[in-house]
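A note on names: the letters A, B, ... follow the listed sequences, proteins ahead of strands, and every chain is numbered from 1.
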Amino acid sequence: MINRLSTRLMNICVASCCKARNLVKAEAVIVDGIRLGILPSVTTYNTLVDAYCRFVGLDVAYSIIGRIKEAGMRPDVVTYNSLIAGATRRQLLSQVVDLFNEMIDAGITPDLWSYNTLMHCFFSLGKPDEANRIFQDIILSNFSPCSTTFNIMLHGLCKNGYINNALMLFRNLERHGFIPEIVTYNILINGLCKHRRLGAAREMLQELGKSGLEPNAITYTTVMKCCFRSRRYEQGLEIMSVMRSKGYTFDGFSYCTVIAALVKTGKMDEANYYMEEMMISGIELDLVSYNTLMNSYCKEGKVEAANQLLDELEKGGLECDQYSHTIIINGLCKAGNIEGALRHLQYMNVIGFKFNLVAHNCLIDAMCKSGQIDRAMRFFESMEIKDSITYTSLVFGLCRERRYKCASKLLLSCLRSGMTILKSAKRAVLDGLRSSGLTNEAKKLQSKIRVARTYRSDLDLLS
DNA sequence: ATAGGGTTAG
């Protein structure tokens, strides 16, 4: 009895060390416990599995299964659920599937948590059909879905472009005996904002108010971000001041939203003010905060400082992502250092990052703006993926060099690939053709643009 | 022990 109580105490200690990301101390607590004759339970190990998954790596977490067996116990459904969640966070589908099978082979029956996580995994990998199959299985099986099941489903539908299906499911929630939570509303408001359905988002916000729930910091940050995205900066900043005056948590997410918007609009004084405030607020800076700071440095031309920050965060145990590197590449481009940017792009490639469209677009634009249009065209040919931003930069670049015929060809191939292009880019080409006496070419281009548009809307109707 | 908001390019 005393020992079991001690085990529970040990679990509380281990959990608190894990929460503080101090895994060395967590292990030390276990060693000390064993010395005193207190044996860890599966729960103790499960706590470790989750922490190793989150903060160290999947392999180390997985190796705990061996330790559980050595201690004469068996891993349980929680052990596997934690590992599956870890693999899901890292988007490792094959490992998720392997773990699932291994769990079943070990005679452990997956529970609702397992299926919820699996569903989330499929959604985050862009496999909505598979996720939906799991959802149907849950509904038809003996499990009763819980609120998380519905929230994961709604979020997954929104993220995969099925906002209308999400709304339909939302309207049917009551039939499933489920009352929307604040999380549910936040998921839908965000989905509507991302699909630029601001009116519907506002209605949802009102509905949230009427339901008796209070919007929280996440709701506010979502709506604020939406304002910035639709270039209503004043309105966004107003929401920020409401948040602050009403005493809502103003955390790293909110700071990054505001700082990025200020940097984007060139309001560097205000951006610096909030950056300073964020840094002295005691909020632990995470990767996204660092990326936001790096981008701000770059905007001021301090690429070296941004690079230092990149080293600093890696020394601090964080791992740079493609945003970090793209921000540096963009910074180098904007500072006119195309060679440096190309070197960094190659470095990204060497350390295992996949093709990054944004980084390539930065380089295309920089080459165009520095008068190296032929180099830009060669670089363009080498790109495995292109989008409307790639084309826009090049079309403007070609117009700047008065190569209107070439610009016209590129414009058409953009439209014919089903992409849209800025109106101002079309106008630059048409005006250019006319001003250089190619009136006939301009007319032809205009009608071809019209044909491309009709064709595109036919495609839209078909899909 | 799973779910919601933040960072890059024309």
Side-chain angles (χ1 to χ4, degrees), chain A residues 15 43 46-47 49-51 53-54 76-86 88-89 111-121 123-124 146-156 158-159 181-191 193-194 216-226 228 249 251-261 263-264 286-296 298 321-331 333-334 356-366 368-369 387-397 421-422 424-425:
Chain A
T43 308
N46 287 346
T47 309
V49 168
D50 181 64
C53 275
R54 282 175 198 276
D76 64 8
V77 66
V78 179
T79 320
Y80 277 98
N81 284 349
S82 300
L83 287 166
I84 291 169
T88 295
R89 261 177 243 122
D111 62 5
L112 182 62
W113 293 66
S114 323
Y115 288 106
N116 283 346
T117 313
L118 191 61
M119 203 169 81
H120 182 220
C121 178
F123 270 131
S124 67
C146 64
S147 67
T148 311
T149 313
F150 288 107
N151 289 332
I152 292 174
M153 187 67 190
L154 290 167
H155 180 234
C158 288
K159 274 274 149 72
E181 303 161 336
I182 184 68
V183 184
T184 322
Y185 280 105
N186 287 343
I187 288 168
L188 285 162
I189 291 170
N190 186 45
C193 286
K194 289 278 152 68
N216 61 14
I218 296 182
T219 324
Y220 275 106
T221 311
T222 306
V223 178
M224 183 168 71
K225 163 77 186 159
C226 179
F228 292 140
T249 351
D251 56 12
F253 281 71
S254 325
Y255 273 114
C256 289
T257 310
V258 171
I259 294 167
V263 169
K264 190 163 240 170
D286 64 2
L287 182 60
V288 178
S289 327
Y290 274 113
N291 286 344
T292 307
L293 295 180
M294 274 164 46
N295 190 44
S296 172
C298 286
D321 63 358
Q322 34 177 344
Y323 280 86
S324 330
H325 293 293
T326 306
I327 285 164
I328 295 289
I329 289 172
N330 181 41
C333 284
K334 292 289 184 309
N356 185 299
L357 182 58
V358 178
H360 280 75
N361 283 345
C362 292
L363 273 152
I364 289 270
D365 195 58
C368 287
K369 286 190 174 140
D387 70 356
S388 110
I389 295 181
T390 330
Y391 282 97
T392 309
S393 289
L394 271 171
V395 166
F396 278 127
I421 197 159
L422 286 182
S424 53

Counting side-chain heavy atoms from CB outward, which of B/dT7, B/dA3, B/dG4 is closest to A/T292? B/dT7

What contact category does A/S254 fall into here, base, sugar-phosphate, or nothing, at under 4.0 angstrom with non-hydrogen atoms? base

Donor-acceptor pair present, A/T392 side chain and B/dG10 base, under 3.5 Å: yes

Do A/S82 and A/D50 have side-chain N/O donor and acceptor atoms under 3.5 Å apart? no

Can a side chain N or O of A/H155 be found less than 4.0 Å away from OP1 or OP2 on B/dG4? yes

Testing B/dA9, B/dT8, B/dA1 for proximity to the side chain of A/D387, the answer is B/dA9

Between A/T292 and A/N295: side-chain donor-acceptor atoms closer than 3.5 Å: no

From NZ of A/K334 over to P of B/dT8, roughly how many Å is that when rounded to an integer? 12 Å

Base, sugar-phosphate, or nothing for A/N295, non-hydrogen atoms under 4.0 angstrom? sugar-phosphate

Using modelled atom types and a 3.5 Å cut-off, is there a donor and acceptor pairing between side-chain atoms of A/N190 and backbone atoms of A/C193? no

Contact class for A/T219 vs. all strands (heavy atom < 4.0 Å): base, sugar-phosphate, or nothing? nothing

For A/T47 and A/T43, indicate whether the former's side chain and the latter's backbone hold a donor-acceptor pair under 3.5 Å. yes

Which listed nucleotide (B/dA1, B/dT8, B/dG5) is nearest to the side chain of A/N330? B/dT8

Report yes if the ring of A/W113 lies under 5.5 Å from the six-membered base ring of B/dA1 with planes under 30°, and no otherwise. yes

Classify A/S388 by what it touches in the nucleic acid, base, sugar-phosphate, or nothing, heavy-atom distance under 4.0 Å. base

Length of the CG-C1' vector between A/N291 and B/dT7, whole Å: 5 Å

Residue A/D365, side-chain heavy atoms: nucleotide from B/dG10, B/dA1, B/dA3 that is nearest: B/dG10

Less than 3.5 Å between a donor and an acceptor, one on the side chain of A/T222 and one on the base of B/dG4, is that the case here? no

Selected nucleotide, minimal atom distance to A/K225 side chain, candidates B/dG10, B/dT7, B/dG5: B/dT7

Roughly, in whole Å, what's the span from CD1 in A/I182 to P in B/dG5? 13 Å

Side-chain atoms of A/N190 come closest, of B/dA9, B/dG5, B/dA1, to B/dG5

In whole Å, I'd like the distance from the CD1 atom of A/I327 to the C1' atom of B/dG6. 12 Å

Closest nucleotide among B/dT8, B/dT2, B/dG4 to the A/Y323 side chain: B/dT8

Will you find, in the side chains of A/D387 and A/T390, an N or O donor that is under 3.5 Å from an N or O acceptor? yes

Taking the side chain of A/R54 as heavy atoms from C-beta outward, which of B/dG5, B/dG10, B/dA1 is closest to it? B/dA1

Of the listed nucleotides B/dT2, B/dG5, B/dA9, the one nearest the side chain of A/N361: B/dA9

Could you check whether A/A85 gets within reach of a base, just the sugar-phosphate, or nothing at all, counting any heavy atom under 4.0 Å? nothing

ring-ring contact (aromatic ring centres under 6.0 Å, His included) partners for A/H360, two or more places apart: A/F355, A/F379

Heavy-atom donor-acceptor pair, A/T221 side-chain to B/dG5 base, under 3.5 Å: yes

Just checking A/N216: base, sugar-phosphate only, or nothing, at a heavy-atom cut-off of under 4.0 Å? base

Do any side-chain nitrogens or oxygens of A/K194 fall under 4.0 Å of OP1 or OP2 in B/dG6? yes

What nucleic acid atoms does A/A425 come within less than 4.0 Å of, heavy atoms only: base, sugar-phosphate, or nothing? nothing

Rounded to whole Å, please give me the gap between CD1 in A/I152 and P in B/dA1. 16 Å

Mind calculating the distance between CG (A/D251) and C1' (B/dG4) to the nearest angstrom? 12 Å

Between B/dT2 atom C1' and A/M119 atom CE, what is the distance in whole Å? 10 Å

State which of B/dA1, B/dA9, B/dG5 makes the closest approach to the side chain of A/I218. B/dG5

Should A/K159 be listed as having a side-chain N or O under 4.0 Å from OP1 or OP2 of B/dG5? yes

Under the criterion side-chain hydrogen bond (donor to acceptor under 3.5 Å, both in side chains), which of A/D321, A/T326, A/D286 is the partner of A/N291? A/D321

I need the NE2-P distance between A/H120 and B/dG4, as an integer number of Å. 5 Å

Classify A/T148 by what it touches in the nucleic acid, base, sugar-phosphate, or nothing, heavy-atom distance under 4.0 Å. base

